[in-house]
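Encoded as structure tokens, the structure appears first; notes follow it.
All figures in this text were calculated on a predicted structure; none of them were measured in a lab. Just so you know, these numbers use all the heavy atoms, side chains as well, and skip hydrogens, waters and symmetry mates.
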Amino acid sequence: QVQLVESGGGLVQDGGSLRLSCAMSGRTLSSYTMGWFRQAPEKEREFVAVISRSGASAFYKDSVKGRITISRDNTKNTVYLQMNSLKPEDTAVYYCAADPGNSIYISASHYDYWGQGTQVTVSS
């Protein structure tokens with residue numbers, strides 16, 4: 001059925017950049033609102049960004065605004081998270097998630113499908 005696979009994580013220095021990708025298989029990406037979440041060691045999973053089905057609307061966690069951009073290419077069944085000016089506090093496992101509805105939510109409970117996660121580590 002629906003599968004989500006993240007890629008692009010790694011180790012970067014303070015101030016560096018990464019672009020995460022999330023590819024969907026088994027369904028058409030354009031039918032889903034797509035979100036990115038992250039979970040740091042011993043912390044709760046938290047919302048990072050969400051994008052509407054068409055890509056026309058997006059919403060971000062306040063602390064990442066101006067540094068992180070979510071985008072999607074429905075022709076490639078892929079959603080992206082471009083991360084610039086990374087800080088040590090951005091270190092976490094990053095997950096993409098899919099919601100079959102057409103409304104934007106920041107709660108993880110609204111998302112039906114999740115990827116396996118990709119590790120992002122920002123060194124100081």
Side-chain angles (χ1 to χ4, degrees):
Q1 295 186 15
V2 175
Q3 292 185 346
L4 299 172
V5 179
E6 301 98 332
S7 61
L11 174 64
V12 298
Q13 295 184 27
D14 192 353
S17 298
L18 286 173
R19 189 179 76 160
L20 308 183
S21 299
C22 175
M24 175 180 283
S25 61
R27 293 291 190 276
T28 300
L29 187 76
S30 62
S31 297
Y32 296 86
T33 299
M34 297 297 297
W36 284 96
F37 296 78
R38 67 187 183 188
Q39 188 165 19
E42 302 182 31
K43 300 290 186 180
E44 295 290 315
R45 187 168 299 187
E46 67 177 1
F47 166 79
V48 178
V50 60
I51 189 167
S52 63
R53 287 173 169 180
S54 68
S57 300
F59 185 76
Y60 299 89
K61 176 181 174 66
D62 284 346
S63 64
V64 308
K65 289 180 179 177
R67 301 189 297 115
I68 294 182
T69 302
I70 188 171
S71 63
R72 65 192 297 159
D73 186 342
N74 287 337
T75 68
K76 297 181 178 179
N77 256 30
T78 302
V79 63
Y80 305 94
L81 193 71
Q82 177 67 49
M83 304 189 293
N84 301 322
S85 301
L86 285 165
K87 308 174 186 296
E89 52 262 44
D90 295 316
T91 294
V93 177
Y94 283 70
Y95 299 89
C96 67
D99 172 10
N102 63 0
S103 297
I104 291 178
Y105 295 100
I106 65 171
S107 172
S109 65
H110 288 278
Y111 293 82
D112 291 346
Y113 305 103
W114 294 81
Q116 83 289 348
T118 186
Q119 176 71 48
V120 171
T121 302
V122 185
S123 64
S124 59

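Taking every heavy atom of both residues into account, Phe37 and Phe47 meet most closely at CD2-CA, 3.5 Å. The minimum heavy-atom distance between Gln39 and Lys43, with the atom names listed, is NE2-O, 3.2 Å. Annotation for Thr91 and Gln119: closest pair CG2-NE2, 4.1 Å, computed over non-hydrogen atoms.
Between the side chain of Arg72 and the backbone N or O of Asn77, no donor-acceptor pair lies under 3.5 Å. Although no hydrogens or angles enter the test, the distance criterion places no donor-acceptor pair under 3.5 Å between the side chain of Arg53 and the main chain of Leu29. Proximity of a side-chain donor or acceptor of Glu6 to a complementary backbone N or O of Gly117 within less than 3.5 Å is detected. Under the 3.5 Å distance criterion, the side-chain polar atoms of Tyr111 are left unmatched by any main-chain donor or acceptor of Pro100. Panel note: side chain Gln1, backbone Gly26; no donor-acceptor pair is recorded below 3.5 Å. Side-chain atoms of Thr28 do not come within 3.5 Å of backbone N or O of Ser30 as any donor-acceptor pair. The backbone N or O of Ser52 sits nowhere less than 3.5 Å from a side-chain atom of Ser57 that would complete a donor-acceptor pair. At least one donor-acceptor pair under 3.5 Å links the side chain of Tyr60 to the backbone N or O of Ile70. A donor-acceptor pair is defined here as one N or O able to donate and one able to accept, closer than 3.5 Å; such a pair exists between the side chain of Thr118 and the backbone of Gly9.
Note that the CG atom of Leu4 and the SG atom of Cys96 stand 4.5 Å from one another [nearest 0.5 Å]. Between the CD atom of Gln82 and the CZ atom of Arg67 there is a distance of 12.0 Å, given to the nearest 0.5 Å. Considering CG of Asn102 and OG of Ser54, their distance stands at 10.0 Å, rounded to 0.5 Å. Taking CD1 of Ile104 as the reference point, atom CE of Met34 lies at 13.0 Å (rounded to 0.5 Å). How far OH of Tyr80 is from CD1 of Ile51: 11.5 Å, rounded to the nearest 0.5 Å.
Considering only residues two or more places apart in sequence or on other chains, Arg38 meets the salt bridge (Lys or Arg N to Asp or Glu O under 4.0 Å) condition with Glu46, Asp90. Considering only residues two or more places apart in sequence or on other chains, Lys65 meets the salt bridge (Lys or Arg N to Asp or Glu O under 4.0 Å) condition with Asp62.
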Which is it for Thr33 and Tyr105 under the side-chain contact (heavy atoms from CB on, under 4.5 Å) test, yes or no, and what are the steps along the way? CA-CA 9 Å; Thr33 299; Tyr105 295 100; over 6 Å; no
Taking it one step at a time, do Ser17 and Asn84 satisfy side chain to side chain donor-acceptor pair (under 3.5 Å)? CA-CA 4 Å; Ser17 298; Asn84 301 322; 3.0 Å; yes
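For Glu89, the CD atom counts as densely surrounded, since its 6.0 Å shell holds more than 12 non-hydrogen atoms of other residues, nucleotides or ligands.
No option in Val50, Val79, Val64 other than Val79 meets the side-chain contact (heavy atoms from CB on, under 4.5 Å) test with Trp36.
Both Val122 and Leu81 are assigned to one and the same hydrophobic cluster, defined by single-linkage of ILVMFWY side chains at heavy-atom distances under 4.5 Å. Residues Ile106 and Trp114 are members of one and the same hydrophobic cluster, defined by side-chain heavy-atom contacts under 4.5 angstrom among Ile, Leu, Val, Met, Phe, Trp and Tyr. Val93 and Ile68 fall into different hydrophobic clusters, where Ile, Leu, Val, Met, Phe, Trp and Tyr residues are linked whenever their side-chain heavy atoms come under 4.5 Å apart, directly or through other members. There is a path of hydrophobic side-chain contacts, each under 4.5 Å, that joins Leu20 to Met24.
Taking the side chain as every heavy atom from C-beta outward, Tyr94 and Met83 approach each other to under 4.5 Å. Side-chain contact between Ser123 and Leu11 is present, with at least one heavy-atom pair separated by less than 4.5 Å.
Judged by the 6.0 Å distance and 45° axis criteria, Arg45 is positioned over the aromatic ring of Tyr95.
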